[in-house]
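For reference, the structure discussed in these notes is given below.
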Amino acid sequence: MKTSLIAVALCAGGTSWMMAQQAPDPYRQISEAYVRLVLAVGQHDADYVDAYYGPDRLRTEAATDKLPLPDIATRAAALETEVARTALPSTKDDADLWRLRKQYFERQVSALRARVAMLQGKRLTFDEESRALYDAVAPRHSESEFSAVLAKLDAALPGSAPLITRYEAFKQAFVVPRDRLDRVFQTAIRTCRDRTMQYIDLPPGESFTVEYVTGKSWSGYNWYQGNYRSLIQVNTDLPIYIDRAIDLACHEGYPGHHVYNALLEKHLVRDRGWIEFTVYPLFSPQSLIAEGTANYGIEVAFSRADRAAYERDVLFPLANLSPDRAKEYYEVMALVDQLSYAGNEAARRYLDGQIDAKAAVDWLEKYAMMPRARAEQRVKFFDQYRSYVINYNLGKDLVRTFVERRTKSDGSPRRRWTEFAALLSSPRLPSGLK
Ligand SMILES: [Zn+2]
């Protein structure tokens, strides 16, 4: 839309930010009602609101009103109807973006209703839940598929001890010493940022802080604060291996969560005044895009060979690890990566009540090559975040397919980055990837 721009200054979290609002916006009321509802659900579910940097008054109102769940459910149903009957603007400019915005409201509100129903006690199977919350269902994989990969690992790690024991012993040589952790991470972050900035215009002043924490069910977390800033937390409960540096720098930072959030803030919130993007409900389809792009972003920033060479030449020496073993390490890790869907199988069986927590740990140890302590941490993650697990691997595969389809005629890095950045700057959801 090329209508006149009205600059509105709002106060959020004590800092003033400028929001250029385009008028008229047929979804303005819907957008505010949506933010209110997400914040209202956050009063009942501590994990629900992953980020919020919109007007303070809405946050205060949500806390004061403490809307009961049945009232939230009623309002959400009404909002869904309102979205359905609100026509798209007749503008020809950005028609695609408006269509995505409408779909965004439809799917996000529907997921909110599902989460509220769950908070009210409704039981869903793993697949029903992931469809309702994340707009996607993970494929099923059998033990025999994982066994084929395990046979290759068995050959790569010779010995008579159980495979998981040999794998743990092998990985010992690749732990980043605690006193070198920050240096390694900061270097990886700088590299990922440089690579991202070659292709993506990052908003001025964007930055993030890294903190090291313990006692969490996750291994890393990006808390987006608004104003193009993130707080990234790294969990040091368990040993951190050298491959985590690039994974974490790309996934949480560049071109992952930090860039995704900053681009949404820049292009949708500030440039257009679409305040629905100032709030991020964790249990919603947006998470599949967030996790999928964060994981696929690692491949966008580094080809496999490129990454292996960079780690060998830069990160291994920084972590005081022997660069001679880098190649061997990444060959083994590439095999372990093929077991990622075993984690979804464990979660599905566990959350569907077919196996208990101990059996889930056993399954993860056997088929996903997770050492005991890591597997136990993962089951705690299942308890807290449930079918959210599919967002990482299925999300990555769906995003990869989407970007590859759009770069068929030109597979150059620039074209791939351009398509990837367009996805990061848009309200596209899983069903919109098809
Ligand atoms: Zn993530």
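Both ligands and their constituent atoms are indexed starting at 1 by order of listing.
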- Heavy-atom pair with the smallest gap, counting every atom of Asn344 and Phe126: O-CZ, 4.1 Å
- Message: Could you check whether Glu80 pairs with Lys102 (Lys NZ or Arg NE/NH1/NH2 to Asp/Glu carboxylate O, under 4.0 Å)?
- Response: no
- Query: Taking only residues at least two apart or on different chains, which pairs with a member in residues 240-252 satisfy salt bridge (Lys or Arg N to Asp or Glu O under 4.0 Å)?
  - Reply: Asp247-Arg307
Donor-acceptor contacts under 3.5 Å from residues 296-306 side chains, at least two apart:
{"unit_1": "Tyr296", "atom_1": "OH", "unit_2": "Arg416", "atom_2": "NH1", "d": "3.2"}
{"unit_1": "Glu299", "atom_1": "OE1", "unit_2": "Arg400", "atom_2": "NE", "d": "3.1"}
{"unit_1": "Glu299", "atom_1": "OE2", "unit_2": "Arg400", "atom_2": "NH2", "d": "2.7"}
{"unit_1": "Ser303", "atom_1": "OG", "unit_2": "Asp306", "atom_2": "N", "d": "3.1"}
{"unit_1": "Asp306", "atom_1": "OD2", "unit_2": "Arg195", "atom_2": "NH1", "d": "2.8"}

- Would you say the side-chain atoms of Asp45 pair up with the backbone N or O of Asp47, donor to acceptor, closer than 3.5 Å? yes
- Query: Listing by chain and number, what protein N/O/S atoms are under 2.8 Å from the Zn ion (ligand 1)?
  - Reply: His251 NE2, His257 NE2, Glu291 OE1
- Item | Tyr330: partners by ring pair (Phe, Tyr, Trp, His ring centres under 6.0 Å), with sequence neighbours left out | none
